[in-house]
Number of protein chains: 2
Amino acid sequence: MDIVAEIVRSLEEDIARLAPGDRIPSEHDLMTRFGATRASVRRAIEVLESRFLVRRSQGAGTFVNRRIDLVLAPDRAPSLHEAVAASGSVARTFVIGTERRAAPEDIAARLGAAAGAELTRLTRLGYIDDDPATCGEEWLAPGALDVADLHLKTVESLTEVLRASGADPVRARSRVSTAFAPPEVAERFTARDPVPVWHIETLTTDGRGGRPLMFSRAWTRQDRVRVVVEYEPVP
Amino acid sequence: MDIVAEIVRSLEEDIARLAPGDRIPSEHDLMTRFGATRASVRRAIEVLESRFLVRRSQGAGTFVNRRIDLVLAPDRAPSLHEAVAASGSVARTFVIGTERRAAPEDIAARLGAAAGAELTRLTRLGYIDDDPATCGEEWLAPGALDVADLHLKTVESLTEVLRASGADPVRARSRVSTAFAPPEVAERFTARDPVPVWHIETLTTDGRGGRPLMFSRAWTRQDRVRVVVEYEPVP
DNA sequence: GAGCATTTGTCCGTATGTATT
DNA sequence: CAATACATACGGACAAATGCT
């Protein structure tokens, strides 16, 4: 009984012996192997997918998933690029938009701007192994950066740009939780179903004086990245 | 087209107008309402369930889910009991086991004990509105507490007990991530499918001297609790 | 570029089991 | 005990994306 659970168990063992990127047998093959319906086989694979163990691609097959560990700690720079590189994958980030726009009230407040103030907003999209994995926006405090400096292609260097402009950017406070990608983000991920994501917000201030410089808000796919947060109480 | 997505959208609107605990129409009613098969209706409800919007109970029906927000911050005591009470629900915690047992190597190390040392381990199970929602264990450092003090029924008072024994318990470091409940935990939750959970580890030390007192490891159901972690860099 | 086989995505219809009320 | 409602499984059909020829 419970043929789905049996298929799940069996496939789990198989996956443990495979490497990320390896293909698992087609649904048709699994039907004959387990003597089950396609519906049952699919249920089992859906369970594995919801555990982030496999990813499916229509027309291509089902493959063992690779997941990056990202540790966020007070004493460590939270570099997804480094974490990705360390695990042998390739990370790329593109700025897909820069604009001046009236900032939402909460963000304006954090950046010390008046409600409704027009601020510079960068939109970026990050890829891991050529798949979109993270998506987010950065809001710059008034006067933090000259707009002329923003013809950059990678956002990893944004703190570098801030530093070059005479500031001493340090992260002031971060907020991490999980959510489901809002429609405009899910669209970037070319997914329709609810995509479980990490929601990470960070306020960057000037180490000399504490003036707010930048507010960052990002959504990162949970099936591509596992975030671990370590924190200590401030005495 | 995409009848499942249509049902999801429609039910989302309905749910937004309902209160936690309210019942949504039966699958049979939804079949006639949308002119779809039960399979499609179930798919839609499964999507809502995976977003933690509803919970299903065989024989009873499908109900709008209630989720507690728990904010973990360096300057705040992470009290799930308080968060639950503040949202109008009832939290109860029971100690379901106390024993002396050889501690896992990593835990012994954190508590300053020799590898393989026998330590006191408490197992507890937490309920929200009479449903199991959190499950975990506490390991006590050697000499931190007299075993005779452990005939307590609620673990919320554990720091109180430590304090009464002359210590000044403070959280030293916490580690938060998401996972899927291991079998023995899922069993406590009376669930077979993979239950998405928060995995929270905390080391408690003595404020006077920094001696480790207790290591806590807990699994909390994501469909019952939403955790938000706020942290600041230590300069 | 066109055509084709493979593979996953979606939906329909039906039957039976099991927990709740 | 009976009715209700969710859980699980079977079987078939067509659509859509992929990868290869």
Side-chain angles (χ1 to χ4, degrees), chain A residues 1-11 14-15 21-50 52-65 129-132 186-187 189-195 223, chain B residues 1-11 14-15 21-50 53-65 129-132 186 189-195 223:
Chain A
M1 326 295 102
D2 213 343
I3 191 150
V4 172
E6 187 192 324
I7 300 174
V8 167
R9 271 199 308 276
S10 181
L11 289 181
D14 294 357
I15 291 170
D22 283 356
R23 187 168 167 282
I24 72 172
S26 73
E27 295 172 0
H28 182 266
D29 288 353
L30 294 174
M31 282 172 64
T32 63
R33 169 168 154 193
F34 292 103
T37 331
R38 220 187 120 207
S40 299
V41 169
R42 281 185 61 78
R43 293 283 312 179
I45 299 178
E46 277 161 21
V47 169
L48 297 172
E49 193 184 25
S50 75
F52 311 131
L53 291 176
V54 300
R55 36 188 310 198
R56 298 193 276 183
S57 171
Q58 183 175 161
T62 302
F63 304 88
V64 178
N65 186 35
D129 291 336
D130 297 320
D131 300 310
E187 195 182 343
F189 293 155
T190 59
R192 289 174 311 291
D193 269 3
V195 186
D223 56 351
Chain B
M1 329 288 101
D2 214 343
I3 190 143
V4 172
E6 187 191 323
I7 301 176
V8 167
R9 272 199 307 277
S10 180
L11 289 181
D14 294 356
I15 290 170
D22 283 355
R23 188 168 166 281
I24 71 171
S26 72
E27 294 173 359
H28 181 266
D29 289 352
L30 294 174
M31 282 172 65
T32 63
R33 169 170 155 193
F34 292 102
T37 333
R38 237 195 98 201
S40 300
V41 169
R42 280 184 63 76
R43 294 284 311 179
I45 299 179
E46 276 161 21
V47 170
L48 297 173
E49 192 184 24
S50 75
L53 291 177
V54 299
R55 33 186 315 196
R56 296 194 276 183
S57 172
Q58 184 176 162
T62 302
F63 303 87
V64 177
N65 187 35
D129 292 335
D130 298 320
D131 300 311
F189 292 155
T190 59
R192 289 174 312 289
D193 270 2
V195 186
D223 57 352

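Sequence lines set the chain letters: A, B, ... in the order given, protein chains first and strands last, and positions in each chain run from 1.
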Q. Contact class for A:R55 (heavy atom, under 4.0 Å): base, sugar-phosphate, or nothing?
A. nothing
Q. In whole angstrom, what separates B:I45's CD1 from D:dT8's P?
A. 14 Å
(Q) For C:dT10 and B:S40 - does any side-chain N or O of the residue sit under 4.0 Å from the phosphate oxygens OP1/OP2? (A) no
Q. Expressed in angstrom and rounded to an integer, what is the separation of B:R43 atom CZ from D:dA7 atom P?
A. 14 Å
Q) Which part of the nucleic acid, if any, lies within reach of B:R38 when heavy atoms closer than 4.0 Å are counted: base, sugar-phosphate only, or nothing? A) base
Q. Whole-Å distance between D:dA7 P and A:E46 CD?
A. 15 Å
Q: Using atom CZ of B:R23 as one end and atom C1' of C:dT20 as the other, report the distance to the nearest whole Å.
A: 11 Å
Q: Check the distance between D:dA5's C1' and B:R42's CZ and give it to me in whole angstrom.
A: 10 Å
**Q.** Heavy-atom closest pair, residues B:P25 and B:L30
**A.** O-CD1, 3.8 Å
Q) Is a donor on one side and an acceptor on the other found under 3.5 Å between the side chain of B:S10 and the backbone of B:I7? A) no
Q) Can you name the nearest heavy-atom pair linking A:I3 to A:A36, along with the distance? A) CD1-CB, 3.6 Å
Q: Not counting sequence neighbours, which residues clear salt bridge (charged side-chain N to carboxylate O under 4.0 Å, His left out) with A:R9? List them please.
A: none
Q) Are any of the side-chain heavy atoms of B:N65 and B:L53 separated by less than 4.5 Å? A) no
**Q.** Min side-chain heavy-atom separation B:D131-B:T190 under 4.5 Å
**A.** no
Q) Rounded to whole angstrom units, what separation is found between the CZ atom of A:F34 and the P atom of D:dC10? A) 13 Å
Q.
What's B:T37 touching, base or sugar-phosphate or nothing? Going by heavy atoms closer than 4.0 Å.
A. base
Q. Okay, side chain of B:T32, backbone of B:D29: is any donor-acceptor separation there less than 3.5 Å?
A. yes
Q: Take the protein atom CZ of A:R56 and the nucleotide atom C1' of D:dA16, then report the distance between them rounded to whole Å.
A: 15 Å
Q. Please give, in whole Å, the distance from C:dT16 P to A:I3 CD1?
A. 18 Å
Q) Looking at DNA chain C, which of residues 24-32 of chain A put a heavy atom within less than 4.0 Å of it? A) A:S26, A:E27
At a cut-off of 3.5 Å, list every protein nitrogen or oxygen paired with a nitrogen or oxygen from nucleotides 18-21 of chain D, distance to 0.1 Å.
unit_1: D:dT18; atom_1: O4'; unit_2: A:Q58; atom_2: O; d: 3.4

Q: Using a strict 4.0 Å threshold on nitrogen-to-oxygen distance, state whether B:R33 and B:E27 make a salt bridge.
A: no
Q | Pair B:R42 + B:E49: basic N to acidic O under 4.0 Å | A | no
Q: Would you mind telling me which residue lines up with the more 5' stretch of DNA chain D, B:T62 or A:A36, judged by nearest nucleotide?
A: B:T62
